[in-house]
Amino acid sequence: MFELLLVILTFASPILIAIFISKYFKYKSEVNAQLQELQNELGSKANHELQNEVKDLKERLASVETIVTDSGYELNQKIANLK
């Protein structure tokens, strides 16, 4: 009886090992696909946030340029220099 079990295990082992290996690689490819999807999502969010920040900075720069080039600003500078 024990010999029969050994024979069955001998012939079944390579099949079981092949099944486990194929399941492992299938799982690994699914995890890699999910990881790639998350990285792409994160990259697009970061890119979107950076674009918003650049837009805000451009608006602020335009406001500062308006203030600096305003003739009232020059007058205030001249008055401050006289004191």
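- Note that OG1 of Thr10 and CD of Glu3 are 11.5 Å apart. Values are rounded to the nearest 0.5 Å.
- Side-chain contact between Gln39 and Gln36 is present, with heavy atoms from C-beta onward closer than 4.5 Å.
- Atom CG of Leu57 is separated from atom CG of Leu50 by 10.5 Å, given to the nearest 0.5 angstrom.
- Atom CG in Leu61 sits 10.0 Å away from atom NZ in Lys58 (nearest 0.5 Å).
- To the nearest 0.5 Å, atom CG of residue Asn47 and atom CG of residue Asn52 are 10.0 Å apart.
- In this structure, CG in Asp56 is found 7.5 Å from CD in Glu53, a value given to the nearest 0.5 Å.
- For the side-chain contact (heavy atoms from CB on, under 4.5 Å) with Ile19, the qualifying choice from Ile21, Ile17, Ile15 is Ile15, the only one to do so.
- Of the inter-residue distances, the one linking Tyr27 atom OH with Asn32 atom CG reads 10.0 Å to the nearest 0.5 angstrom.
- The local environment of CD in Glu30 is crowded, with over 12 non-hydrogen atoms from other residues, nucleotides or ligands closer than 6.0 Å.
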